[in-house]
Amino acid sequence: MIRVENLQKTFAGARGEVHALRGVSFEIDKGQLFTLLGPSGCGKTTTLRCIAGLEQPLAGEISVHERVVFSSASGVFIAPEQRRIGMVFQSYAIWPHMTVAQNVAYPLPSGLSRSEISMRVESIINRLGLGGLADRLAPNLSGGQQQRVALARALVAEPQVLLLDEPLSNLDAKLREQMRFELKALHESLNITTVYVTHDQEEALALSDRIGLMDQGALIEVGAPMELYTRPAHRVTADFLGSANFLPATVERGGNQPWDEILVTSTLGKFTAKRSPEWQPGMAAVLFFRPENVELLNGGDVSASEPNHGSALVERATFLGNSADVMLRRGEIILRVRAHPTRVPRVGERVGFSVAPESCIVFPA
Amino acid sequence: MSVSPSTVVNELQIKPRSLARNFSLRALIHGLTLVVVSYLVVVPLFMLLYASVKSTEDKLPFESTVTSLGNYAAIFTSPSMLPIFLDTFLFTAGSLAVGLPVAIGLAWLLERTAIPGRAWIANAILVPMTIPSLLSAIAWIQLLDPRAGLVNVVLRNVFRVTSDNGPFDIYSLYGMCFVQGLRLVPSAYLMIAASFRAMDPSLEEQSAMAGRGIAQTTFRITLPIMRPALLAALIYFIIVVIESFDIPGLLGFTARIRVLSTAIYWATHSEVGLPDYGLASALGAIVLAAALLLMWIYQRLTAHQEKFATITGKGYRPRQISLGVWSGPATAFCLCYIFVAVLLPFVMLLWTSVQPFYAVPSVDSLSRVSFEGYLNIWRDRSVVRAMWNTTVLALVTSLATILLAVLVSWFVVRRQRTGNGLANYLATVSFLPQCVPSIVIGLAFIFVYVRFPIPIYGTLWIIALALTTRYLAFSSRATTSALMQVHGELEEASQMSGAPWVKTLRRITMPLLAPAMINVFLWVAVHAMQELSIAIMLYNPDTVVVSTMIWSMWQNGRTADAAVLGVILIFLSALLLLSAQAYSYFRGRPKSQT
């Protein structure tokens, strides 16, 4: 397992110090695939490099499988080459002057016999589908092959932990999808504790056991993919994962238990929403629901008084093949709706819509 | 969480001792690099400034206890000094007036026009780079000596002039400017052609689309855009000429014209009286200040130049202007340059080397052609010693320089490991020798080693150290730009594979830098072999090298021997440079270094 506690890191920037990490803490269970997800510059790669030992944090503590590799309190800093961590870099960093086999054999301890080295290299090369490429020089490999070589090199010495820094970002879309499945299968068969850094939410949702969402040097929240997507606890999470509608609202009826039903009023009408305790009537809030949870109603006959129902004008409708992207407007408010492709409304038409209470979440304004 | 057995095994395999060792090793080498670079660059310059404010009547600078600006006052009040500054100015302006227009013309013709035989001409232009300036000067004396110079004799015969003097006199300011100007052409051509190449051709094409002709485009678009680059080249070559020692040393000696660099030499190698180290160091400090100022301007200009519309890395070939009826004159201009700057001096030198004593080529002297000079010269023990010393010097200097350059550039480029402050210090200090004229480096090294308790004064090592200082700037620049092409993740991947710093350096960084390192190695070796101004300040009869040998042979009237040794030196240099060419040719396409 990996434990990161209150990690702080600053960089010297052009205009003074930049606070790259502001007290990041999380734990990863043994064998889990944990993804650090966030926009570029959020600190996810810095966190990964701190675990690797390639960056020295300002403060905090990192332990890998019960071994403290960094601790500002007790002055411990284990060099990266002593941490027994495998890592795949964003650029793959395949050494261009070495063959595939030489690249892969490099991390093996120097004490091994020649036959054992070639056995282990061959086994990992075959496992990653690189058979027959052992004597190829790195520049003569395709992007996908380089990626596999980087993986083989990271895994050959059987590290306790695998770090992946945006490993799929340099591949084209089709290959990326294929490698995503292969990575998942590889992780399931090896069961190695893995930290995965990406800015691609689809990748994160598809691969991870748990996701840590980062923003501006802080870890916003941690959870399983489904949990984070359907019940985000923070507006940042809701905004970053998938697409979102946010409406300014005022609380009418509050609650004090988690997932109590509360009632809010917005320009589009009254909504019953779920989420979080401690809402008092009169408080300013932001109502959130996803475009795919909005249902368009037949005809414009909508009783606006009924909670979670409303009506608006169709501003734009774009056919996307397997769905349609519809934009509704009411005054200054724009709503995005993901509609069924066979039921695309006409532009200028007035349509009614509804959103189920369990799909509505209220965040502090 | 319970500790699994595999975790325990892993813990046992980690050797805490090697951890401490790796870390301190990198820190140790970093510290050593800082100390060595400071010692090579900062200490000599400090000693030079220190010596310049010591009153030195009949004393070595360090025996004096009086600190004063007397040396500077003497320079600015003595009537004998004014001509030196004036002649330095005229020599610099004259050489640039000869060299730069030729270089700009050649660069424009070869980069922008459809001149026939481009590749052939472009290579021929660079040939003089293998010939040391000392030998150019000797060759031109053979050609333009007012009495016996070949060109003068031929001209007098053709025009039936009865006088035995003239019409040309190489021992003059004009002669010095002419030879020095020609010397500048190859490197100035390279620099200016590179800026032509870096210019986005669509800027010119846009002018053509706007209905402007070649002349309008050239003068209203091309040259204004090139102005920062041309100005930078101008500044750069001012420094080069101020630093030049060989040509003003040889031609100016007979002409009794002294420029700053030769004045420093003659102040310490006076034919009458004691060496005046105070005067020399004050002159050195003045030259240094001028060069630093010029280099600062140069840096500002080139930094600005990058902002200008220059694009590199695209595989375009600019549209080539067809020369039409001007094709003939243009080719004639190029051939004329090649004949005057390349063929004439080299053939003259060859001719001199196969004649027992100097004679104008004629049927009579043709019968005396003999290659005995090339055999007899080895009977001179000091020539053998000079050959051996030069070999050792070139080898030691280039090895030391490349090692230091790689370390400097590693600590500069991978600065996030060591911090910005030290990296900037290292980058600045290692570049500083670029603006210290060689003769000043030689002088400064005298001060350091006369004073310091390291017993290498009068040995070959002091010359090697001074040369290493001189070439550190170029070499570390070259390896730095090569290292910046090597993605940092390539080294980090090695670290994550469990390799300590030294193993990463040896197995990953060095092999990836090998092409750049080999080129720098050969460049330094050739320059160290040909270098005169540092060696002449620091050599003694035991540590004579080929360049100083040629210098003293010439001073002693052994013209043919000087030519023989010169031709050998040129061939050795050409051999090294060709091997560099062959190396990059056979390496083929550079591998991508993602």
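Worth knowing before you read on, the calculation uses all heavy atoms, side chains too, and leaves out hydrogens, waters and symmetry mates.
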* Pairs flagged by salt bridge (Lys or Arg N to Asp or Glu O under 4.0 Å) wherever residues 517-526 of chain B is involved - sequence neighbours left out -> none
* To do: For B/Thr504 and A/Tyr106, work out which heavy atoms get closest and say how close.
  => CA-OH, 4.1 Å
* Heavy-atom check, side chain of A/Phe89 versus side chain of B/His487, under 4.5 Å -> no
* Asked: Taking all atoms of both residues into account, what is the closest heavy-atom pair of B/Ser497 and A/Trp95, and its distance?
  -> OG-CH2, 3.9 Å
* Structure fact -> On a heavy-atom basis, the closest approach of B/Ala499 and A/Glu81 is O-CB, 3.5 Å
* Got A/Pro96 and B/Leu490 here, is their nearest side-chain heavy-atom distance under 4.5 Å? -> yes
* How long is the gap from CD on B/Gln495 to CD1 on A/Ile85, to the nearest 0.5 Å? -> 12.0 Å
* To do: Heavy atoms only: give me the nearest A/Met98-B/Arg507 pair and the separation to one decimal.
  => CE-NH2, 3.6 Å
* For A/Ala52, is it the side chain, the backbone, both, or neither that has a heavy atom closer than 4.5 Å to a heavy atom of chain B? -> both
* Pairwise distance CZ(A/Arg84) to CE(B/Met496) - rounded to 0.5 angstrom -> 12.0 Å
* Asked: Does CD in A/Gln102 sit with more than 12 non-hydrogen atoms of other residues, nucleotides or ligands closer than 6.0 Å?
  -> yes
* To do: Taking ring pair (Phe, Tyr, Trp, His ring centres under 6.0 Å) as the test, write out the residues that go with B/Phe431, two or more places apart.
  => none
* Please examine the side chains of B/Glu492 and A/Arg49, heavy atoms only from C-beta on, and report whether any two atoms are closer than 4.5 Å. => yes
